[in-house]
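Data block below; observations after.
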Amino acid sequence: MKTVTADPVIDLEGIYTAYEGADRPIIKDASLRIGKGEFVIVGGPNGAGKTTLLESINGMLPLTHGRATVCGLDVSRRGNDVRKKVGYVIQNFAFDPLTPFSVEQVVLMGRYGLLGWLKRPDEKDHGAVASALHRLGIEDLGSRPIGKLSGGQQQKVLIAQSLVRNPEILLLDEPFSNLDLCSRDFISNVLVDTVKSGCTVIMVSHAFDGLPDYLVRIVALNDGCICLDEMCQACDVEEHVRTVCRVATHA
Ligand SMILES: Nc1ncnc2c1ncn2[C@@H]1O[C@H](COP(=O)(O)OP(=O)(O)OP(=O)(O)O)[C@@H](O)[C@H]1O
Ligand SMILES: [Mg+2]
């Protein structure tokens, strides 16, 4: 099943992305149009450029060629404004055990970019924090110091911190890496609900067992190039990605 996106919230046109000082691009000639409310799974082998692709969408890395438009904004010129509309859960982040913030404070930080200059968080912001903790099933952790939580608990807090912003696009880089099987199922359902509410979700993952039965778009990368872009049922994602990884390993 091929993909056709008429009115994209993400529009990448032949982008190339290179890290500072690098002599060759990591992402090469990537073109991708993603619509509102799509659930996109990004797969591919280690080092293929999945994280780099997310950071290109989020305006964190400069493009050397091509054009990226996200939420109608030119990413190269309006990166800060793009990041206000995009939630990003980064790969393998762990808080220092001595981090002096509670879980509630960390989730509240997700609202800061939305507050006006010098404006303090109000009842609405605190209500949004309570609701995000509830959605992630971690209300009981609210007053705990973030650095003293387990890896999986911290990961759920980071997802709550992104959701509390009501983003138009949610980027998640291996959100299941520290999660037990039941938590994967639970978070997968949270993500499907998020998609149903109109948010576009783009998730990099190597683990597909918790995905609910839902039509998703699978985008696979190999050596910085998009080599697969198709709609499929979530239960078929693993086989698609496995094929790409197998081909890459034997190339
Ligand atoms: N900060 C950096 N500076 C230079 N090169 C980098 C940097 N970060 C990543 N790379 C290189 O970019 C390429 C793609 O890395 P990336 O992190 O996007 O891969 P990935 O597909 O997310 O892999 P994984 O599944 O292991 O997370 C790799 O060759 C990597 O070595
Ligand atoms: Mg990565």
Side-chain angles (χ1 to χ4, degrees), residues 9 36-37 39 51 54-55 57-60 70-71 73 75 78-180 182-184 186-204:
V9 287
K36 180 176 162 67
F39 193 166
T51 299
L54 293 192
E55 299 198 343
I57 291 171
N58 208 13
M60 293 166 72
V70 173
C71 301
L73 301 167
V75 174
R78 307 275 306 274
N80 281 340
D81 295 321
V82 166
R83 285 186 288 278
K84 284 183 190 161
K85 295 170 182 283
V86 178
Y88 180 31
V89 180
I90 65 173
Q91 182 175 7
N92 285 334
F93 185 82
F95 287 90
D96 185 287
L98 298 177
T99 306
F101 298 112
S102 71
V103 166
E104 271 169 5
Q105 287 169 322
V106 170
V107 176
L108 185 61
M109 285 171 199
R111 301 283 295 181
Y112 284 175
L114 309 179
L115 297 175
W117 184 240
L118 292 181
K119 186 174 168 287
R120 293 175 66 82
D122 60 18
E123 260 176 44
K124 195 171 158 222
D125 299 303
H126 289 286
V129 169
S131 152
L133 292 176
H134 178 71
R135 274 180 83 182
L136 272 294
I138 50 173
E139 328 58 332
D140 54 326
L141 301 180
S143 57
R144 295 269 303 276
I146 184 74
K148 303 280 195 262
L149 299 186
S150 73
Q153 288 171 327
Q154 289 188 8
Q155 206 139 359
K156 290 176 194 175
V157 174
L158 289 174
I159 297 172
Q161 189 194 54
S162 280
L163 283 178
V164 81
R165 306 153 55 91
N166 292 323
E168 289 181 35
I169 298 168
L170 179 61
L171 308 175
L172 304 119
D173 202 348
E174 299 194 28
F176 297 147
S177 56
N178 287 312
L179 299 186
D180 63 68
C182 291
S183 294
R184 283 184 194 182
F186 182 80
I187 300 296
S188 293
N189 282 305
V190 171
L191 296 180
V192 168
D193 288 344
T194 304
V195 164
K196 285 178 179 165
S197 73
C199 176
T200 302
V201 172
I202 304 181
M203 177 174 84
V204 170

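Below, all heavy atoms of this structure are taken into account, side chains as well, without hydrogens, waters or symmetry copies.
- We find the CG-CD1 distance between D96 and I146 to be 11.5 Å, quoted to the nearest 0.5 Å.
- In this structure, the side chain of K36 does not engage the main chain of C199 through any donor-acceptor pair within 3.5 Å.
- Contact check for V107 versus L133: side-chain heavy atoms found under the 4.5 Å cut-off.
- Q161 places a side-chain N or O within 3.5 Å of a backbone atom of V106 that can act as its donor or acceptor partner.
- Here the rule is side chain to side chain contact (heavy atoms under 4.5 Å, CB included) with I169, and of V9, V201, N58 only V9 fits it.
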V195/V192 under side chain to side chain contact (heavy atoms under 4.5 Å, CB included): CA gap, chis, key distance, verdict: CA-CA 5 Å; V195 164; V192 168; 5.5 Å; no
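- At distances below 3.5 Å, at least one donor-acceptor pair connects side-chain atoms of R83 with backbone N or O atoms of G59.
- Within 6.0 Å of NE2 in H126 there are more than 12 heavy atoms belonging to other residues, nucleotides or ligands.
- Panel note: side chain D122, backbone D125; a donor-acceptor pair is recorded below 3.5 Å.
- If you take OG1 on T51 and CE on M60, they are separated by 10.5 Å, rounding to the nearest 0.5 Å.
- In terms of heavy-atom proximity, A160 sits nearest to A132 at O-CB, 3.8 Å.
- In this structure the side chain of K148 reaches within 4.5 angstrom of the side chain of L98, judged on heavy atoms.
- Between D173 and I90 there is no side-chain heavy-atom pair separated by less than 4.5 Å.
- Of the possible polar contacts, none joining the S102 side chain to the P145 backbone as a donor-acceptor pair under 3.5 Å is found.
- One finds the CG atom of D140 at 12.0 Å from the NE2 atom of H134 (value rounded to the nearest 0.5 Å).
- A pairwise comparison of heavy atoms in Q155 and S177 identifies NE2-OG, 3.3 Å as the closest pair.
- Nearest heavy-atom pair across S183 and D180 is N-OD1, 2.7 Å.
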Intermediate values then yes/no, side chain to side chain contact (heavy atoms under 4.5 Å, CB included), I159 and V190: CA-CA 10 Å; I159 297 172; V190 171; 5.5 Å; no
Worked check of side chain to side chain contact (heavy atoms under 4.5 Å, CB included) between K156 and I187: CA-CA 8 Å; K156 290 176 194 175; I187 300 296; 4.2 Å; yes
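- At least one donor-acceptor pair closer than 3.5 Å links the side chain of R111 to the backbone N or O of V164.
- Looking only at distances, no side-chain donor or acceptor of E174 sits under 3.5 Å from a matching main-chain atom of N92.
- Between T200 and G37, the closest heavy-atom pair is OG1-N, 3.1 Å.
- With hydrogens and angles disregarded, a donor-acceptor distance shorter than 3.5 Å links the side chain of Q154 to the backbone of F95.
- Nearest heavy-atom pair, V204 versus P175, reported as atom, atom and distance to 0.1 Å: O-CD, 3.5 Å.
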Test log, rule side chain to side chain contact (heavy atoms under 4.5 Å, CB included), inputs V86 and I57: CA-CA 9 Å; V86 178; I57 291 171; 5.7 Å; no
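- To the nearest 0.5 Å, atoms NZ (K85) and SG (C71) are separated by 6.0 Å.
- Annotation for Y88 and E55: closest pair OH-OE2, 3.0 Å, computed over non-hydrogen atoms.
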